[in-house]
Amino acid sequence: KRENYILYTGRLVFHKNPFGFVDIINKTGLKGKMAIYTDAGVEYKYYKEILNNTNKNIEVFVNLPKEKLAELMQRAKFTVLPYLYQEPFGTASADTIMCGTPLITFPYGNLRSFTNLLPKTLDEMIQMIKMNDTCYQQTLKDTLKRSNELRELHEIHNAIKKWDELYDKLGNK
């Protein structure tokens, strides 16, 4: 069941723009959840600032196991990834789409062929988050369709890889 919160997930580094997510939550007043990942010492500065700057509408989770992250993704109304730089194949994007959760991300990288919510600014992200229920239901249907397409693509890739491995094994005998 979908809950009324917006999810951010990623490492706490400048180019993942965690402060952009905090800004979105502050401007909308919506509930936010951040599933963040830290590397020992390297990202502590950002981690500390995020914890100090978040408001009561943001719940922060640090270094969650994959199962807990999947639960958060499956229940979120949207996953919002305001990353500043191209991410050719971000795992957060793939995981979100596989969970059937609408993804809002900038139009570079991040599996853009699997989402139609591609704003160019944080303000456009906010407008997408505020879409009416009818638009949201259609977006959810589109996302589930794309999720199935991604699963199918993944299964085809694995099948081809298994055949290649089998042929390699037979060729060596």
Side-chain angles (χ1 to χ4, degrees), residues 1-37 43 46-47 49-62 64 66 68-151:
K1 175 152 172 42
R2 299 276 168 206
E3 296 176 23
N4 198 25
Y5 65 85
I6 311 304
L7 178 67
Y8 167 94
T9 183
R11 287 179 295 116
L12 278 184
V13 292
F14 174 78
H15 66 275
K16 300 283 186 178
N17 199 13
F19 297 109
F21 180 78
V22 172
D23 193 37
I24 288 169
I25 297 303
N26 287 336
K27 287 180 177 177
T28 63
L30 295 170
K31 184 176 180 183
K33 294 189 181 189
M34 296 182 81
I36 54 178
Y37 295 88
E43 297 158 351
Y46 294 105
Y47 175 60
E49 287 180 24
I50 285 289
L51 290 179
N52 289 338
N53 290 328
T54 57
N55 63 33
K56 291 182 179 162
N57 285 345
I58 299 177
E59 190 174 357
V60 178
F61 302 88
V62 181
L64 282 176
K66 280 284 192 190
K68 295 290 182 187
L69 177 59
E71 285 178 31
L72 282 178
M73 286 181 174
Q74 290 167 343
R75 292 185 178 150
K77 185 171 184 179
F78 293 103
T79 295
V80 177
L81 303 178
Y83 297 175
L84 299 174
Y85 301 111
Q86 182 172 345
E87 182 123 2
F89 187 88
T91 57
S93 298
D95 291 345
T96 293
I97 293 164
M98 294 293 275
C99 287
T101 301
L103 171 65
I104 300 175
T105 187
F106 290 129
Y108 37 80
N110 291 317
L111 298 176
R112 66 180 168 262
S113 61
F114 286 96
T115 184
N116 58 355
L117 300 171
L118 298 166
K120 293 184 178 127
T121 66
L122 286 178
D123 288 335
E124 286 181 21
M125 282 187 174
I126 289 169
Q127 292 308 311
M128 289 177 178
I129 290 167
K130 292 180 174 181
M131 71 175 61
N132 67 41
D133 286 340
T134 303
C135 289
Y136 179 74
Q137 290 305 317
Q138 185 59 50
T139 298
L140 199 52
K141 285 179 189 176
D142 291 347
T143 302
L144 292 173
K145 179 182 175 216
R146 288 187 166 105
S147 174
N148 290 332
E149 290 170 0
L150 187 59
R151 287 176 203 277

* Please check if the distance between the ring centroids of Y5 and F78 is under 6.0 Å. => no
* To do: State the CG-CD distance between L69 and Q74, to the nearest 0.5 angstrom.
  => 9.5 Å
* Validation row: T105, L118 side chains within 4.5 angstrom (heavy atoms) -> yes
* Nearest heavy-atom neighbours spanning A92 and T96 -> O-OG1, 2.8 Å
* Asked: If we only count heavy atoms from C-beta on, is the T9 to M73 side-chain gap below 4.5 Å?
  -> yes
* Separation between CD1 of I104 and CD1 of I6, rounded to the nearest 0.5 Å -> 6.5 Å
* Structure fact -> Here the pair of heavy atoms bringing N57 nearest to G29 is ND2-O, 3.2 Å
* Asked: What class does the angle between the rings of Y8 and F21 fall in, given that below 30° is parallel, 30 to 60° is tilted and above 60° is perpendicular?
  -> tilted
* If every non-hydrogen atom of P107 is compared with every non-hydrogen atom of K120, which pair is closest and at what distance? -> CG-CG, 4.2 Å
* Asked: Nearest heavy-atom pair of M34 and P18: which atoms, and what distance?
  -> CE-CB, 3.8 Å
* Asked: Given Q127 and D123, is the side chain to side chain donor-acceptor pair (under 3.5 Å) satisfied, shown in steps?
  -> CA-CA 6 Å; Q127 292 308 311; D123 288 335; over 6 Å; no
* Considering only heavy atoms from C-beta outward, does the side chain of L84 approach that of K16 to under 4.5 Å? -> no
* Minimum heavy-atom distance I24-M125, with the two atoms named -> CD1-SD, 3.8 Å
* Just wondering, do I58 and K33 contact through their side chains at under 4.5 Å, heavy atoms? -> no
* Asked: Roughly how far, to the nearest 0.5 Å, is the CG atom of L7 from the OG1 atom of T101?
  -> 8.0 Å
* Would a 4.5 Å heavy-atom cut-off, applied to side chains only, mark N132 and C135 as touching? -> yes
* **Non-hydrogen atoms of K31 and N4 that approach each other most closely** => CB-O, 3.8 Å
* Structure fact -> OH of Y136 to NZ of K141, rounded to nearest 0.5 Å, is 13.0 Å
* If only atom types and distance count, is the side chain of N17 paired as donor or acceptor with the main-chain N or O of P82 below 3.5 Å? -> yes
* Would you say L72 and F61 make side-chain contact, with heavy atoms under 4.5 Å? -> yes
* T139 OG1 to L103 CG distance, which is reported to the nearest 0.5 Å -> 11.5 Å
* To do: Answer whether the closest heavy-atom distance between the side chains of T134 and Q138 falls below 4.5 Å.
  => no
* To do: Mind checking the CD-CZ spacing from E3 to R75? Nearest 0.5 Å is all I need.
  => 5.5 Å
